[in-house]
Amino acid sequence: MKIMQVTVQVGRAETAPVEVLVLTLCEGEVLAKEDAALLDRALGGSLRQLVQSKEFEGKANEVLLYHTHGTVPAKRLLLVGLGKKHEVTLETIRQALGSAAKRVRQAKVESFAVALPTVTPKGMTPLDMAQAMVEGAILGSYQFTVYRSEAASGHNVEGMNILIPRKGQLRQVTEGIRRGVATAEATVFVRDLCNHPSNVLTPAKVADEAKAIAKAEKISIKILEQNEMQRLGMGALLGVARGSQEPPKFIILEYNGAKNKDARPVVLVGKTITFDTGGISLKPAENMEHMKADMTGGAEVLASIRAAARLKLPLRLISILPVAENMPGGRAMKPGDIVTTLSGKTVEVQNTDAEGRLILADGLAYAMRYKPAALIDIATLTGACVVALGQFAIGMFGTDQALKERVRRSGQKAGERVWEMPLWEEYFEQLKSDVADMRNIGGRGGGMITAALFLSKFVGDCPWVHLDIASTDWSERERAYIPKGPTAIGTRLLIQYLIDRSL
Ligand code: BES
Ligand code: MN
Ligand code: ZN
């Protein structure tokens, strides 16, 4: 998908000579707003009429497109609701722009102008607002058409121009656009990778994507092949990959924008299973195709390091992707098999479908070599996460209060919220094995928790957060700026965390 061009211009909305002018309006006080009032006068009172007749009420994500018939220079006006004024958040604005961009696309218009919302809830800066607007607009127009032979639904909105009333806001809005484009672009990249089927997006293809990014952004990269993994002793990753014809990869990318080049890095580790059949503990057929997105975490840490490089963030960042395909096969790992992880700890594999924690065990142990200032792993780890949290919260676990708090705040700001779950040692009872240091499943209760606790055994006392995105990673229905299918949720949280950390 070609990414929308976003620009900013100082100017009043009622004088903009554009094809479509987007105006965001709150419920109830549509006409109280100075801007709307000015525009309403210019339009000969039509805005007031639409509101009075309840054709447009300003409810969140409500849209109304109509022709201005020459009353103002804009040919058409697109009203978008923000809901109740005192309830407006960055997420409201993000969604409103998602709804607006979709309507513009339906109308097959090439570009539009949009006035910076005049609502200013406490603590919300023009920078934040512009960033949210750009994210909403770009992500709301997302389409994945690579495999369609007819050029059918292909209309693309090419440009958005943000109108601001005062020159004084220019610097902030420009920076907001820069950040918004970076996070949206990263999200689009992740959605694309997740949409590609596993016969195309193999572990080797993931490695190629990573190489291309490293080259383009001048990030250093190292890819470990099977023989190297054997030499190092990554028995867990190798075990998971055994059933597949596709050789596993272990990808390490490093971006160093820190002033002090030896600064302790932030390390991100992403679960990258290009397809999860369950292995010998085979999954049922229903919905198994979703498991092509079991590499979401890996795609997100890859996109995050690219965004950090593009934004030139002043920090040292390492992204690690353990990559494999989980398949049954003549050589596949079997229930009861014991693997020795990179850390030296042994694991009895009671269920080959609990493969994510196995490849992450080796990924996290490898990450520890960098003595991270902060270690974050992100993974479509457990079905139990979906059961516990539904679609709107990411499961968060961690060992460090300050890090958890930062992640929580960045998630809130990005509109990708986390919910903390307990990482209590009591649960380890469920992971005890009769024959090895631990087993890879914890029985019936607390499946999301026992998975996280399993991972915690590989991070020592490093400040660590684990994010289970199995809940949010796939959407059953289309929302304002989230498509049906892969959502790439987690990407904006990670990038926002990196931005907030480097400020
Ligand atoms: N990739 C799945 C988890 C998953 C399920 C992600 C649904 C997204 C949607 C993971 O590898 C898995 O299979 N987990 C098992 C663990 C179980 C065997 C302990 C699960 O949750 O069923
Ligand atoms: Mn699995
Ligand atoms: Zn999996």
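Counting starts at 1 for both ligands and their atoms, in listed order. These figures come from a predicted structure and were not determined experimentally.
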Is the distance between the Zn ion (ligand 3) and the nearest N/O/S atom of Glu355 smaller than 2.8 Å?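 Yes - counting backbone and side chain alike, Glu355 has an N, O or S atom under 2.8 Å.
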Under 2.8 Å from the Zn ion (ligand 3), can any N, O or S atom of Lys271 be found?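 So Lys271 counts as coordinating the Zn ion (ligand 3), yes.
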Which distance, rounded to the nearest 0.5 Å, do you find between the CD of Glu91 and the CZ of Arg417?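 One finds 7.5 Å between CD of Glu91 and CZ of Arg417.
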With a 4.0 Å heavy-atom cut-off (strictly under), which part of [X] contacts ligand 1: side chain, backbone, both or neither?
X      : value
Asp276 : side chain
Met295 : neither
Lys283 : side chain
Ile273 : neither
Arg357 : side chain

What N/O/S atom of Asp276 is the closest to the Mn ion (ligand 2)?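 Sorting the N, O and S atoms of Asp276 by distance to the Mn ion (ligand 2) puts OD2 first.
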Considering just N/O/S atoms, say which atom of Glu355 is closest to the Mn ion (ligand 2).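 Result: OE1.
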With a cut-off of 4.0 Å, which atoms of ligand 1 are near a heavy atom of Met291?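 Ligand 1 atoms under the 4.0 Å threshold to Met291: 1 (N), 4 (C), 5 (C), 6 (C), 7 (C), 8 (C), 9 (C).
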Atom 21 (O) of ligand 1: which protein heavy atom is closest, and how many Å away?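 Sorting protein heavy atoms by distance from atom 21 (O) of ligand 1 puts Gly383 N, 2.6 Å first.
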Taking atom 12 (C) of ligand 1 as the reference point, the nearest protein heavy atom with its distance: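 Answer, as residue, atom name and distance: Asp353 O, 3.2 Å.
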Asn351-ligand 1 polar pair, N/O distance under 3.5 Å: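 No, since none of the N or O atoms of Asn351 sits under 3.5 Å from an N or O of ligand 1.
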Using the ring of each side chain (for Trp, its six-membered ring), is Trp474 parallel, tilted or perpendicular to His290, with breaks at 30° and 60°?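 Because their plane-to-plane angle is under 30°, the rings of Trp474 and His290 count as parallel.
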Give the ring-plane orientation class for His466 versus Trp464, where under 30° counts as parallel, over 60° as perpendicular and anything between as tilted.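 His466 vs Trp464 ring planes: parallel.
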Measure from the Zn ion (ligand 3) to every N/O/S atom of Asp294 and report the name of the nearest one.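 Atom name of the closest N, O or S in Asp294: OD2.
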Determine, for Lys271 against Glu355, whether the closest basic-nitrogen to carboxylate-oxygen distance falls under 4.0 angstrom.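 Answer for the salt bridge query: yes.
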Compute the minimum heavy-atom distance from Lys271 to ligand 1 and say whether it is under 4.0 Å.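 True for this residue.
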